[in-house]
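Written out below as C-alpha cells is the structure these notes cover.
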Protein chains: 2
Amino acid sequence: MVEDKLKIAAKAKFMSYLEGKKLRKTPERFAILDKIYSTNDHFDIESLYLSLEEDSYHVSLATVYNTIDLLCECGLVRKHQFGNQQAQYEKVGATINHHHLICTECGKIKEVKDPEFLGYMNSKKYNAFTISYFTLYVYGICNNCLRKIKRSNASDKNKISHIK
Amino acid sequence: MVEDKLKIAAKAKFMSYLEGKKLRKTPERFAILDKIYSTNDHFDIESLYLSLEEDSYHVSLATVYNTIDLLCECGLVRKHQFGNQQAQYEKVGATINHHHLICTECGKIKEVKDPEFLGYMNSKKYNAFTISYFTLYVYGICNNCLRKIKRSNASDKNKISHIK
DNA sequence: TTTACTGCAAATATTTTGCAATATC
DNA sequence: GATATTGCAAAATATTTGCAGTAAA
C-alpha cells in the first residue's frame with residue numbers, strides 16, 4: 001500500500017531527526033506520528049488526543065503538543081490556522097501540492113489539488129529569503145452557502161415589495 | 001494624499017455596510033476604522049487597543065473585537081493567523097496584491113508585492129466555489145537567520161573535530 | 001421610545017509551564 | 001546513573017459572553 005510506504009518513510013525521517021538532535025525515541029512520540037499518518041484529514045490537537053484515547057492509548061495533552069511541535073519542525077506535519085481559534089494540522093505526504101478553499105460562510109475547508117501551481121511557485125525567488133514551503137488559502141463562498149444566500153436575498157426582496 | 005483618499009473611501013464603505021445591515025454608526029466603530037487606516041503595518045487586537053489608549057481614546061476590548069469582525073465581514077480588514085496564538089490583522093487597501101514571507105526561525109513577517117501573482121490567480125477557477133480573495137504564505141528562512149544557522153553549524157563542526 | 005451597542009467582568013477555550021515521577025540512553 | 005520526557009495540574013493567553021447602563025435612530 002502507498003499509505004504504508006508513506007508511514008514507514010515518515011517514521012524513518014522522524015527517527016533520524018530525533019537522533020540528529022539527540023532527542024529520545026519515546027513510544028509516545030511514535031504512537032502520535034503513527035496516528036497522524038493513519039488518517040488523511042485535517043485534525044486539531046483535541047481530536048488527535050481523543051482519537052488516541054479511543055485506541056486506549058493514553059498520552060497527556062502536553063505531550064501531544066510537544067510532539068506536534070517536533071513533527072512540524074522536522075517537516076512531517078503542517079500547521080494551519082484557518083481563522084478559528086484552534087490550530088489545525090495535517091500530515092505532509094502525497095498531497096503536498098494542494099491548497100485550501102475556505103468558505104467564509106460555513107467555515108468548511110476543502111482541499112484542492114493543483115500541481116500546476118506548484119510548478120508556478122517553484123520558479124519564484126524572493127530577495128534575502130530561502131523558501132521551504134508555502135500555503136495558499138483561497139477564501140470565498142461554497143456553492144451550498146451561495147444557494148442559501150441567494151434564497152434569503154430573494155425572500156428579502158419579496159418582503160420589501162410587499163411592504164411597499 | 002493617497003492615504004487620505006483610501007481612508008475616506010473606507011469610511012464610506014463602512015457606512016454603507018452598516019446602513020445596509022441596519023447597524024448603528026457609533027463613534028467607537030469609526031474611531032477604530034480611522035486608527036486602522038492610519039497605519040500600514042500588521043497589528044493585533046491588543047496593540048490596536050493600546051494605540052487607541054495612547055490617543056486617550058478609550059474603547060473596551062470587547063468593542064474592538066466586535067468592530068474588527070464587522071470590518072472583516074465587509075472586506076475592509078483582513079485577518080491572519082501566522083502560527084502564533086494571537087490573530088494579526090491588516091487593512092485592505094493599496095497593497096492588496098502582496099503576500100507574506102514568514103521566517104520559521106525568528107517569526108518575522110515580510111510583505112512582498114507581486115502583481116504578477118494576482119494576474120495568475122485571477123485566471124483560476126475552482127469547482128463549486130466562488131473566490132472572494134486569497135492569501136499566500138511563504139514559509140522559509142530569512143537571510144539573517146540563515147547566517148546564524150550557518151555560523152552555529154560551523155562552530156559545531158569545530159567542536160566535534162576538536163573532541164575527535 | 002426602542003433596542004442595538006458599549007464597557008466591564010466573568011467565562012471559555014487553547015496552549016504553555018512547573019515540577020515530581022519515570023523511562024531512555 | 002544522568003537527564004530528557006512524561007503526566008498532571010496550574011498558569012497564561014486570547015477571545016467570547018452576559019448583563020446593566022448608555023446612546024443611536
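Chain letters run A, B, ... following the sequence lines, proteins first, then strands; residues in each count from 1. Computation of the quantities below employed the complete heavy-atom set of this structure, encompassing side-chain atoms and omitting hydrogens, waters and symmetry-equivalent molecules.
The base of D/dT5 does not come close enough to the side chain of A/Arg29 for any donor and acceptor atom to sit less than 3.5 Å apart. If you check distances only, the side chain of B/Arg24 never reaches the base of D/dA25 with a donor-acceptor pair under 3.5 Å.
Listed candidates were C/dG7, D/dT15, D/dG7. Nearest to the side chain of B/Gln81 is D/dT15.
The side-chain heavy atoms of B/Lys25 and B/Phe14, taken from C-beta on, include no pair separated by under 4.5 Å. B/Lys11 places a side-chain heavy atom less than 4.5 Å from the side chain of B/Asp34. Side-chain atoms of A/His100 and A/Lys110, non-hydrogen and from C-beta on, never get closer than 4.5 Å to each other.
Residue B/His42 forms a side-chain contact (heavy atoms from CB on, under 4.5 Å) with just one option from B/Lys91, B/Arg78, B/Gln88, and that option is B/Gln88.
A donor-acceptor contact closer than 3.5 angstrom links the side chains of B/His58 and B/Glu53. Looking at B/Thr63 and B/Asn66, their side chains never bring a donor and an acceptor atom within 3.5 Å of each other.
Neither OP1 nor OP2 of D/dT16 sits under 4.0 Å from any side-chain N or O of B/Tyr65. Not one side-chain nitrogen or oxygen of A/Gln85 sits closer than 4.0 Å to the OP1 or OP2 atom of C/dT14. Between B/Thr26 and the phosphate of C/dT6, there is a side-chain N or O to OP1/OP2 separation shorter than 4.0 Å. Distances shorter than 4.0 Å separate none of the side-chain N or O atoms of A/Asn66 from OP1 or OP2 on D/dT5.
Distance, A/Leu18 CG to C/dC25 P: 9 Å, rounded to whole Å.
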Kindly give the atom pairs (protein nitrogen or oxygen, nucleotide nitrogen or oxygen) under 3.5 Å for nucleotides 8-10 of chain D.
from  : atom 1 : to      : atom 2 : distance (Å)
D/dC8 : OP2    : A/His58 : NE2    : 2.7

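Counting any heavy atom pair closer than 4.0 Å across all strands shown, A/Lys25 reaches sugar-phosphate atoms only and no base atom. Note on B/Asp44: nothing from the nucleic acid sits closer than 4.0 angstrom, heavy atoms only.
In this structure, the side chain of B/Tyr17 does not engage the main chain of B/Ala12 through any donor-acceptor pair within 3.5 Å.
Of the two residues contacting DNA chain D, namely B/Lys79 and B/Pro27, the nearest-nucleotide position lying further toward the 5' end is that of B/Lys79.
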